[in-house]
Amino acid sequence: MPSPFDDLAPIYDVLIDWPKRLAREEPFYRRLFEEVGVQRVLDAACGTGRHAAMFHEWSLAVEGADLSPTMIARARQRLPEGPRMKWVVRGYTQPTEFPGGFDAALCVGHSLALAPDEKAAAQAVRTLLDAVRPGGVVITQVLNLWALPEGPCLWQRSLRTRIENAEVVLIKGIHRTGNRGFVNLVVVPLADPANRHADSVPFLGLKSDQLLDWAHSAGATQAHVFGGYRQEPYIPDQSTDLILVARK
């Protein structure tokens with residue numbers, strides 16, 4: 001099954017304010033990794049490898065894995081492989097080469113919700129827990145669908161930028177229909193606005209009790225959910241994020 005964002009790798013990189021995002025998330029990971037004693041990290045569904053590169057800068061050994069060969073190619077271009085950095089084309093439901101070989105495994109950036117169904121999402125949580133040693137930690141993060149009003153599209157960002165030597169305007173939005181969400185992306189080439197392109201990628205509306213049940217069923221000894229990277233309480237109709245932290 002191809003990645004839904006395989007053809008959007010160049011757009012994925014420019015749509016996100018990576019310095020701002022990583023600065024917001026860094027204290028969360030540093031605090032948790034220090035608590036667990038993390039030295040080896042698996043970044044499943046790593047995209048173009050921004051989180052993996054940050055962990056590598058901390059002198060950790062990192063494996064970045066993604067279903068999309070295009071995403072992995074861009075990750076390798078940014079940060080070549082070395083003794084502490086490995087890139088792999090692999091989906092997050094597929095087992096790692098050395099089960100139990102990591103201290104931490106994460107699947108963030110809303111990737112878990114892009115699973116084709118809940119069975120696959122549950123399998124992904126199990127695979128992440130299988131990848132870490134006893135006492136290791138698993139982190140997943142998805143957008144909290146239940147805080148979105150049903151129906152109208154929430155347009156989140158518009159950006160004028162250059163993609164592959166062409167000036168374009170990117171417009172990104174999100175909307176909810178029942179228990180499904182959709183990421184909407186419009187790409188307008190300024191040289192030919194009529195030749196615009198639009199994508200709508202569906203995602204699952206995951207719930208906190210599901211994530212907790214999946215984690216415990218997969219062998220987690222502790223599991224907690226949070227509503228953001230400051231570890232604030234998760235409130236279903238208010239929280240922006242739904243973050244699972246599970247210890248094996």
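The shortest distance between side-chain heavy atoms of Val132 and Val138 falls below 4.5 Å. When side chains are defined from C-beta on, Thr140 does not count as touching Leu106, because their heavy atoms never get closer than 4.5 Å. The shortest distance between side-chain heavy atoms of Phe203 and Leu112 does not fall below 4.5 Å. Proximity of Cys107 to Leu128: side-chain heavy atoms (C-beta onward) are separated by under 4.5 Å at one or more points. The shortest distance between side-chain heavy atoms of Glu25 and Arg21 falls below 4.5 Å. Using a 4.5 Å heavy-atom cutoff, the side chains of Trp146 and Lys207 are in contact. A heavy-atom distance below 4.5 Å is not found between the side chains of Glu150 and His175. Residues Leu32 and Val137 have side chains in contact (heavy-atom distance under 4.5 Å, counting atoms from C-beta outward).
Here the straight-line distance linking atom CG of Leu42 with atom CG of Asp103 works out to 11.0 Å at 0.5 Å rounding. To the nearest 0.5 Å, atoms CG (Asn195) and CG (Leu190) are separated by 12.0 Å. Annotation: the span from Arg74 atom CZ to Arg78 atom CZ amounts to 7.0 Å, rounded to 0.5 Å. Here NZ of Lys248 is found 10.0 Å from CZ of Arg133. Values are rounded to the nearest 0.5 Å. Rounded to the nearest 0.5 Å, atoms CG (Asn184) and SG (Cys153) are 4.5 Å apart. Remark: Ile16 CD1 to Arg157 CZ distance equals 8.5 Å, nearest 0.5 Å.
Side-chain polar atoms of Asn144 and Ser239 form no donor-acceptor pair below 3.5 angstrom. Residues Asp241 and Tyr234 bring no donor and acceptor atom of their side chains to less than 3.5 Å of each other.
The minimum heavy-atom distance between Gly181 and Leu145, with the atom names listed, is CA-CD1, 3.7 Å. Of all non-hydrogen atoms in Ala113 and Val142, the two that sit nearest each other are N-CG1, 3.8 Å. Of all heavy-atom pairs between Thr240 and Leu143, the closest is O-CD1, 3.5 Å. Residue Pro116 comes nearest to Leu204 through the heavy atom pair O-CD2, 4.4 Å, listed as atom of the first residue, atom of the second, then distance. Residues Val62 and His56 approach most closely at CG2-N, 3.7 Å, considering heavy atoms. Annotation for Ala52 and Met85: closest pair CB-CE, 4.2 Å, computed over non-hydrogen atoms.
Put simply, Leu244 and Leu129 are part of the same group of oily side chains (I, L, V, M, F, W, Y) that touch within less than 4.5 Å, one to the next. When the side chains of ILVMFWY residues are joined at heavy-atom separations under 4.5 Å, either directly or via intervening members, Leu242 and Leu154 end up in a single hydrophobic cluster. Tracing side-chain contacts under 4.5 Å through hydrophobic residues (I, L, V, M, F, W, Y), one reaches Leu22 starting from Ile243; they form part of the same cluster. A continuous path of Ile, Leu, Val, Met, Phe, Trp and Tyr side chains, each step under 4.5 Å between heavy atoms, connects Trp87 with Val89, placing both in one hydrophobic cluster. Residues Leu212 and Val125 are members of one and the same hydrophobic cluster, defined by side-chain heavy-atom contacts under 4.5 angstrom among Ile, Leu, Val, Met, Phe, Trp and Tyr.
Side-chain atoms of Gln238 never come within 3.5 Å of backbone atoms of Ile235 as a donor-acceptor pair (strictly under, hydrogens ignored). In terms of modelled atom types and a separation under 3.5 Å, the side chain of Tyr92 and the main chain of Ala115 share a donor-acceptor contact. Side-chain atoms of Arg196 do not come within 3.5 Å of backbone N or O of Val186 as any donor-acceptor pair. In this structure a side-chain-to-backbone donor-acceptor pair under 3.5 Å is present from Thr221 to Arg247. Here the side chain of Asp66 pairs a donor or acceptor atom with the backbone of Gly47 at under 3.5 angstrom. Of the possible polar contacts, one joining the Ser68 side chain to the Met71 backbone as a donor-acceptor pair under 3.5 Å is found. The main-chain N or O of Ala75 is never found under 3.5 Å from a side-chain atom of Gln77 such that the two would form a donor-acceptor pair.
Contact check on Glu97 versus Lys86 returns a salt bridge, with a Lys/Arg side-chain nitrogen under 4.0 Å from an Asp/Glu carboxylate oxygen. Here Arg30 does not pair with Glu34 in a salt bridge; the nearest charged N to carboxylate O distance is not below 4.0 Å.
When the side chain to side chain donor-acceptor pair (under 3.5 Å) test is applied to Arg90, the partners found at least two apart in sequence or on another chain are Glu63. With sequence neighbours left out, Asn165 forms a side chain to side chain contact (heavy atoms under 4.5 Å, CB included) with Arg162.
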Next item on the list: Dump the intermediate steps for side-chain contact (heavy atoms from CB on, under 4.5 Å) on Leu148 and Ile174, then the final yes or no.
Entry: CA-CA 9 Å; Leu148 294 177; Ile174 192 166; 4.1 Å; yes
Note to self: Applying side-chain contact (heavy atoms from CB on, under 4.5 Å) to Val38 and Trp58, what does each step give before you reach the verdict?
What the structure shows: CA-CA 11 Å; Val38 171; Trp58 299 353; over 6 Å; no
Item checked: Steps toward side-chain contact (heavy atoms from CB on, under 4.5 Å) verdict (Arg176, Phe182) -> CA-CA 6 Å; Arg176 176 167 75 94; Phe182 297 85; over 6 Å; no
Item checked: side-chain hydrogen bond (donor to acceptor under 3.5 Å, both in side chains) between Asp199 and His197, intermediate numbers included -> CA-CA 7 Å; Asp199 278 293; His197 176 74; 2.7 Å; yes
Next item on the list: Evaluate the side-chain contact (heavy atoms from CB on, under 4.5 Å) criterion for residues Leu60 and Arg84: first the C-alpha distance (whole Å), next the side-chain angles of each, then the deciding distance (0.1 Å), finally the verdict.
Entry: CA-CA 7 Å; Leu60 302 179; Arg84 291 186 293 103; 5.7 Å; no
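No option in Phe98, Phe55, Phe102 other than Phe102 meets the side-chain contact (heavy atoms from CB on, under 4.5 Å) test with Arg40.
Checked against a 6.0 Å centroid threshold, the rings of Phe226 and Phe28 do not count as neighbours.
For the pair Lys172 and Trp155, the NZ or CZ position fails the cation-pi test of under 6.0 Å to the six-membered ring centre and within 45 degrees of the ring normal.
Aromatic ring pairs are classed by plane angle as parallel below 30°, tilted from 30° to 60° and perpendicular above 60°; the pair His51 and Tyr29 is perpendicular.
Residue-environment remark: CZ (Arg31) exceeds the threshold of 12 foreign heavy atoms within 6.0 Å.
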